[in-house]
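For reference, the structure discussed in these notes is given below.
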Amino acid sequence: MVLGKRAKGIVAILAALAVAAALIGCVHTGGADQATSGKLFKAGTYSASGNGMGGEVKVSVTFSSDKIVSVKVDKHNETPGVGDIALEKLPALIVEGQTLGVDAVAGATMTSDAILAAVEACVKKAGGDVAALKARKAAAAGKSADVTETVDVVVIGAGGAGLSAAVTAHQNGASVLVLEKMPKAGGNTIISGAAYNSADAERQKRAPASAGPEAVVMGLINAKPASDLHKEMQATLKREYEAYKASGASYLFDSPTMHALQTFEGGDRKADLVLVKNYTSRTLDGVKWLESLDMKFTDTCFTVLGALWQRSHKPVKPLGTGYIEALMGYVNAHKIPVLLETKAERILMKDGRAVGVEAVGASGNKVTVMARKGVVIATGGFSRNIEMRQRYNTQWKTLDASILSTNHPGATGDGIAMAQAAGAELVGMEYIQLLPMGDPVTGSLTGNIEQGVENRIFVNKQGSRFVAEDARRDTMTQALYQQTDAWLWVILDKHSYPTGSTKNNFNETIDDLVAAGRAYKADTLEDLAKQIKVPAANLVKAVAEFNKAVERKGGDPVGRTLFADKIDTPPFYAGARIPTVHHTMGGVKINTDTQVIGSSGKAIPGLYAAGEVTGGLHGTNRLGGNALADIIVHGRIAGANAAKAK
Ligand code: ADP
């Protein structure tokens, strides 16, 4: 930014005021001496706060006259498995190096910045020299020796797909090693909404059906078939539905065929139906496998945004932590090595077969892992690679840096480039999913107040509904782009938050979100409208019309069909959302054995891929809740096949 002289003066005054304000906000709880010359700090304990991803990060720092003795994080609401890496690492690095010249922890930049800002405020309060402490760099670690290892199966990526492959390969008797470029396992999986789609009669019988209009089932059965397989599956669905109706069942109708055909139509028939059919036939087995690893899901199913049907399984633990904890539990118990901060760069090929991976370790050393049986690529998508987004995008006006993303910073499409270099074919690269559900500041999923599709509506800045809120994700995002500032308010009531301490799907209580100014709360819709600055009459009308549709289970003005409760019980809540890049549907072409398909149309021996790095399962649009099931189902297939490969 270039500033004029006068503007610079104003900035200097503002900066001085900001420092003063920071110091006022910096509480001193220790018995400080006056700073005496030669001393570096006024000894004592001081506390201050910085702004992290989840709001306030409060830190207290203890100083002796010549040392930073300790840095303690007293309060935070950072994302588990993401921000907590910085919470663990940075305080130790600051004390060890007696420095503020510490780099942000990759993947946890906002949390790192919050800690550093708070510690800096405390240093100022203690009379320390911030500039000198920033200039002192932590001692650089020496370069480690190059490493060469040989195992049966090497897995690239420690997200849900990679860890599922690693665990399954090990369960099939293989020796396994995992390479992960970030300082922690988890990838996008750990920060996801974590819903897992599967037909699951046991769970679906427990809840009264809030979804399931017959027209949807009949629409799938009667659509013009795209292939013989499609026709055959429609006939199966017809038989299944007739048997369901004949049984007089009162619970929701569902089956793997129903799930498959919704996935296929929901992606405009661009998916590989063979892959889809195989996938939906294995999702329930995936749930049971996760449960065998001690992962817990709630007893009933819900409908996650864009899932279209009430078959989403909800983990008991927040976000995707349940998956990663369960998988890492097995990995740790069986001592499967996971090399963190080790970035795979190249698949090693010999006579047309994948035989290993070349990577770069944390200190820049070379890490070569040879695979006797197979290499599994599970590196996730490319939502955080702006160049790739722009190169492949055909659907959206732009996907440049102005469009934020829900993804972790490591989602840069590395595996796609590595697979391509090894001869892989790519499919569906132009299909990039945006959600209408990004945090207006960060683009992340956090702060989203919706609990499920049935109990909330969306209104625009005019306070009016503008899309069926149970539609496909692409439909909803396209509609959002037509609204003022591409901005929506999620509106709901006490049905979603029976108490102020009820949490959303991202481990945040509604009270905390309101206190942080990320959600609004009111006893009347009129007051809510006033707080979020939308015309009250419009909001009241939108809710009244929705409530009428709930009552008659149809006739909704925007054509929605999934309902549960009316929005009629205070407190009422509102939360803002914008479009955000969420998932890249395209990627490496695979078959149902997760073998990577080469440009010749034949599988590349020894090479497997699973999860978001692959293409072909979702077509143009991925149903909400289909990704977690994808990574578990295909991760397991990849692990089992790689372990058995000759
Ligand atoms: P999925 O949902 O398909 O499992 P995730 O995003 O959860 O995808 O996990 C992918 C993992 O792969 C992330 O942890 C990411 O950091 C890791 N990764 C991406 N590129 C590389 C690479 N070049 N080397 C090692 N790990 C990588």
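Only this structure's heavy atoms are used, side chains among them; waters, hydrogens and symmetry mates stay out. We count ligands from 1, going down the list as the structure has it; atoms in each ligand are counted the same way.
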Mutual orientation of the aromatic rings belonging to Phe297 and Tyr323 [parallel < 30°, tilted 30-60°, perpendicular > 60°]: perpendicular

Pairs flagged by ring-ring contact (aromatic ring centres under 6.0 Å, His included) wherever residues 160-188 is involved - sequence neighbours left out: His170-Tyr330, His170-His334

If you draw a 6.0 Å radius around NZ in Lys277, do more than 12 non-hydrogen atoms from other residues or ligands fall strictly inside? no

Quick one: salt bridge (charged side-chain N to carboxylate O under 4.0 Å, His left out) pairs with a partner in residues 583-603, sequence neighbours left out? none

Residue pairs involving residues 432-453 (criterion ring-ring contact (aromatic ring centres under 6.0 Å, His included); sequence neighbours excluded): none

List, for ligand 1, each N/O atom that has a protein N/O partner under 3.5 Å away, with both atom names and the distance.
unit_1   : atom_1 : unit_2 : atom_2 : d
ligand 1 : 2 (O)  : Thr189 : OG1    : 3.4
ligand 1 : 3 (O)  : Glu612 : N      : 2.9
ligand 1 : 4 (O)  : Gly160 : N      : 3.2
ligand 1 : 4 (O)  : Ala161 : N      : 2.9
ligand 1 : 6 (O)  : Asn188 : N      : 2.9
ligand 1 : 7 (O)  : Asn188 : N      : 3.1
ligand 1 : 7 (O)  : Thr189 : N      : 3.0
ligand 1 : 7 (O)  : Thr189 : OG1    : 2.6
ligand 1 : 14 (O) : Glu180 : OE1    : 2.6
ligand 1 : 14 (O) : Glu180 : OE2    : 3.2
ligand 1 : 14 (O) : Gly187 : N      : 3.4
ligand 1 : 16 (O) : Glu180 : OE2    : 2.6
ligand 1 : 20 (N) : Asp414 : OD2    : 3.3
ligand 1 : 23 (N) : Ala344 : O      : 3.0
ligand 1 : 23 (N) : Asp414 : OD2    : 2.9
ligand 1 : 24 (N) : Ala344 : N      : 2.9
ligand 1 : 26 (N) : Lys181 : N      : 3.1

Gln204 vs Trp309, side chain to side chain donor-acceptor pair (under 3.5 Å): CA-CA, chis, key distance, verdict: CA-CA 11 Å; Gln204 287 165 324; Trp309 210 248; over 6 Å; no

